[in-house]
Amino acid sequence: MAVPNLSFLSLLLLLLPLALLLLLYLIVRPRPTKIPIKSRHVFITGGSSGIGLALAHQAASEGARVSILARSIDKLEEAKNYIQLSTGVDVAVFAADVRDYDAVSKAVEDAGPIDVLIVNQGVFVPGELEKQGLDEVRFMVDVNLIGSFNMIKAALAGMKDRKDRGPGSIALMSSQAGQVGIYGYTAYSASKFGLRGLAEALQQEVIAHDIHVSLIFPPDTDTPGFVEECKTRPQLTSIIAESSGAMKADEVAKKALDGIKSASFFVPCNFEGLLLSTGTAGMSPQRSFVMAFVEVIATGVVRIAALGFQWNWYTSIHKWHAQNKSK
Ligand SMILES: NC(=O)C1=CN([C@@H]2O[C@H](COP(=O)(O)OP(=O)(O)OC[C@H]3O[C@@H](n4cnc5c(N)ncnc54)[C@H](OP(=O)(O)O)[C@@H]3O)[C@@H](O)[C@H]2O)C=CC1
Ligand SMILES: CCCCCCCCCCCCCCCC(=O)[C@@H](N)CO
């Protein structure tokens, strides 16, 4: 009697996950798709430094027509020369501040219709809110969040009008601090969490036009901006951010471009990022039925890991305060 029961049980154990996989395969929306890069117009904001420059270099190497936008014309020219020397590709440069809608509109108009828009510009001034001026708070929200609205708003009509030029992409550079709030990043995290709401709503609005939204979540990344940030970063911010290690700009750019090409909505960049994306999947769209399966199966365990990280971070915070009573 025990033998048929056992084989029935193992059959069930095999069939249940298969049935779940089949169900998820049938229901995941939007449907998976691919975004080609070669011979297409890739427009990158903040493309003169760090992650944006690495993205511009990578896209140019893959045969894209690349445009970069940032404020400083000197840094733009330097980036242009560097990419020209190492890939032979001539990159178009546009000097504009993303906070200036008219300037950004003019740049988009001059650049011509965009196939892949990478909204990557960002500023980060770390510090406890109590010590931070509201001008600094506004600066981060303006550049990181409102600047992204300006950019998308300026490019959207032209992108929808692509006709038969193939699927389009709008990618937003968030941060792991846009998935979990981190000490010293009240304004920065708020600006990056804002991008998630923007991205989720926008994806629903542009899917009928074959435009696909990606949200990229890098950990600390070695860039000129990061070197600057580290000069004033609170010790506790560094202690907590270290949980996810650090990456090179080229590594982040590669992950980001791969994520854009596979039209992934969430684009984590390292293993901790994969855990973080699984743990914060919530109501975000998921195109991959395999990743959806991982999310469904792993959510409980990942939540335990998340609580473990919070335990560790709060322990560090209490310890730090005990050792620095005067501050
Ligand atoms: N480095 C890191 O640790 C991480 C970075 N990120 C995010 O990645 C993105 C890029 O960061 P990173 O490469 O480190 O930054 P960098 O400071 O190295 O480069 C920032 C780029 O954005 C441009 N930029 C800044 N402000 C504006 C503005 N108002 N209008 C137009 N362009 C602007 C800069 O040029 P210019 O100054 O001439 O305008 C530059 O090209 C940011 O969104 C950041 O939040 C996410 C996670 C980690
Ligand atoms: C469920 C388990 C999760 C496990 C992993 C959690 C690790 C989170 C670490 C967050 C680090 C945030 C760094 C932000 C970097 C950044 O954006 C600044 N350098 C400014 O640019």
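Quick note: numbers below take in every heavy atom, side chains included, and nothing from hydrogens, waters or symmetry partners. Counting starts at 1 for both ligands and their atoms, following the listed order.
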What protein heavy atom sits nearest [atom], and how far away is it?
{"atom": "atom 27 (C) of ligand 1", "answer": "Arg71 NE, 3.5 Å"}
{"atom": "atom 1 (N) of ligand 1", "answer": "Thr221 O, 3.1 Å"}
{"atom": "atom 15 (O) of ligand 1", "answer": "Phe124 CZ, 3.9 Å"}
{"atom": "atom 4 (C) of ligand 2", "answer": "Phe309 CE1, 3.4 Å"}
{"atom": "atom 11 (C) of ligand 2", "answer": "Ala241 CA, 3.8 Å"}
{"atom": "atom 12 (P) of ligand 1", "answer": "Thr223 OG1, 3.6 Å"}
{"atom": "atom 35 (O) of ligand 1", "answer": "Ala70 CB, 3.4 Å"}
{"atom": "atom 3 (C) of ligand 2", "answer": "Leu276 CD1, 4.0 Å"}
{"atom": "atom 15 (C) of ligand 2", "answer": "Asp220 OD1, 3.2 Å"}
{"atom": "atom 8 (O) of ligand 1", "answer": "Met173 CG, 3.2 Å"}
{"atom": "atom 48 (C) of ligand 1", "answer": "Pro219 O, 3.1 Å"}

Would you mind running through ligand 2 and noting each atom that sits below 4.0 Å from a heavy atom of [X]?
{"X": "Glu229", "result": "18 (C), 19 (N), 20 (C), 21 (O)"}
{"X": "Phe124", "result": "20 (C), 21 (O)"}
{"X": "Val302", "result": "1 (C)"}
{"X": "Ser175", "result": "14 (C), 15 (C), 16 (C), 17 (O)"}

In terms of atom number and element, which parts of ligand 1 are under 4.0 angstrom from non-hydrogen atoms of [X]?
{"X": "Pro224", "answer": "18 (O)"}
{"X": "Ile51", "answer": "5 (C), 8 (O), 13 (O)"}
{"X": "Val143", "answer": "26 (N), 29 (N)"}
{"X": "Asp97", "answer": "28 (C), 29 (N), 30 (N)"}
{"X": "Gly122", "answer": "42 (C), 43 (O)"}
{"X": "Gly225", "answer": "16 (P), 17 (O), 18 (O)"}
{"X": "Gly50", "answer": "13 (O), 18 (O)"}

Heavy-atom proximity to [atom], best of [options]:
{"atom": "atom 47 (C) of ligand 1", "options": "Pro218, Gly52, Ala54", "value": "Pro218"}
{"atom": "atom 34 (C) of ligand 1", "options": "Gln121, Lys75, Lys192, Glu228", "value": "Lys75"}
{"atom": "atom 19 (O) of ligand 1", "options": "Gly47, Ser49, Gly147, Ala96", "value": "Ser49"}
{"atom": "atom 21 (O) of ligand 2", "options": "Trp313, Tyr185, Tyr188, Phe271", "value": "Tyr188"}
{"atom": "atom 2 (C) of ligand 2", "options": "Leu307, Leu275, Thr278", "value": "Leu275"}
{"atom": "atom 45 (O) of ligand 1", "options": "Tyr188, Phe226, Phe94", "value": "Tyr188"}
{"atom": "atom 10 (C) of ligand 1", "options": "Asn120, Asp74, Asp100", "value": "Asn120"}

Lys/Arg-Asp/Glu bridge criterion (N-O < 4.0 Å) met for [X], [Y]:
{"X": "Asp90", "Y": "Lys80", "result": "yes"}
{"X": "Lys261", "Y": "Glu62", "result": "yes"}
{"X": "Glu128", "Y": "Lys131", "result": "yes"}
{"X": "Asp97", "Y": "Arg99", "result": "yes"}

Does [X] reach ligand 1 with a nitrogen or oxygen that is under 3.5 Å from one of the ligand's nitrogen or oxygen atoms?
{"X": "Ser72", "result": "yes"}
{"X": "Gly46", "result": "yes"}
{"X": "Val98", "result": "yes"}
{"X": "Val123", "result": "no"}
{"X": "Ser48", "result": "yes"}
{"X": "Leu69", "result": "no"}

**Request:** Indicate the ring-plane relationship of Tyr188 and Phe124, choosing parallel, tilted or perpendicular according to the 30° and 60° boundaries.
**Result:**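 Tyr188 vs Phe124 ring planes: perpendicular.
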**Prompt:** Between Phe43 and Phe94, what is the ring plane arrangement, given parallel below 30°, perpendicular above 60°, and tilted in between?
**Reply:** parallel
Pair [X]-[Y], side-chain donor/acceptor within less than 3.5 Å:
{"X": "His212", "Y": "Thr33", "value": "no"}
{"X": "Thr87", "Y": "His57", "value": "no"}
{"X": "Ser244", "Y": "Asp220", "value": "no"}
{"X": "Ser174", "Y": "Gln179", "value": "no"}
{"X": "Ser264", "Y": "Ser262", "value": "yes"}

**Request:** Please state which part of Ile182 comes within less than 4.0 Å of ligand 2, counting heavy atoms only: side chain, backbone, both or neither.
**Result:**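 Contact part for Ile182 vs ligand 2: side chain (C-beta onward).
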**Request:** Could you check Gln84 against Val91 for side chain to side chain contact (heavy atoms under 4.5 Å, CB included), going step by step and ending with a plain yes or no?
**Result:** CA-CA 7 Å; Gln84 169 84 59; Val91 168; over 6 Å; no
Counting only heavy atoms not in [X], do more than 12 sit closer than 6.0 Å to its [atom1] atom?
{"X": "Arg165", "atom1": "CZ", "answer": "yes"}
{"X": "Lys255", "atom1": "NZ", "answer": "no"}
{"X": "Glu77", "atom1": "CD", "answer": "yes"}

**Request:** Please test Ile260 against Ile216 for side chain to side chain contact (heavy atoms under 4.5 Å, CB included), starting from the C-alpha separation and ending with a verdict.
**Result:** CA-CA 9 Å; Ile260 291 169; Ile216 303 153; 4.3 Å; yes
**Message:** Using heavy atoms and a 4.0 Å limit, tell me yes or no: is Ser244 in contact with ligand 2?
**Reply:**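 Flag set, Ser244 near ligand 2.
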**Prompt:** Can you name the closest pair of heavy atoms from Ala79 and Leu53 and give their distance?
**Reply:**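 Taking Ala79 first and Leu53 second, the nearest heavy atoms are CB-CD1, 3.6 Å.
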**Fill in**
Result for side chain to side chain contact (heavy atoms under 4.5 Å, CB included) between Cys269 and one of Lys254, Glu251, Gln176, Met247 points to Met247
**Fill in**
So for Ser174 against ligand 1, with non-hydrogen atoms under 4.0 Å, the contacting part is backbone
**Message:** With side chain to side chain contact (heavy atoms under 4.5 Å, CB included) as the criterion, how do Ile317 and Ile240 come out once you've worked through the C-alpha distance, each side chain's angles and the decisive distance to 0.1 Å?
**Reply:** CA-CA 9 Å; Ile317 293 168; Ile240 295 174; 4.2 Å; yes
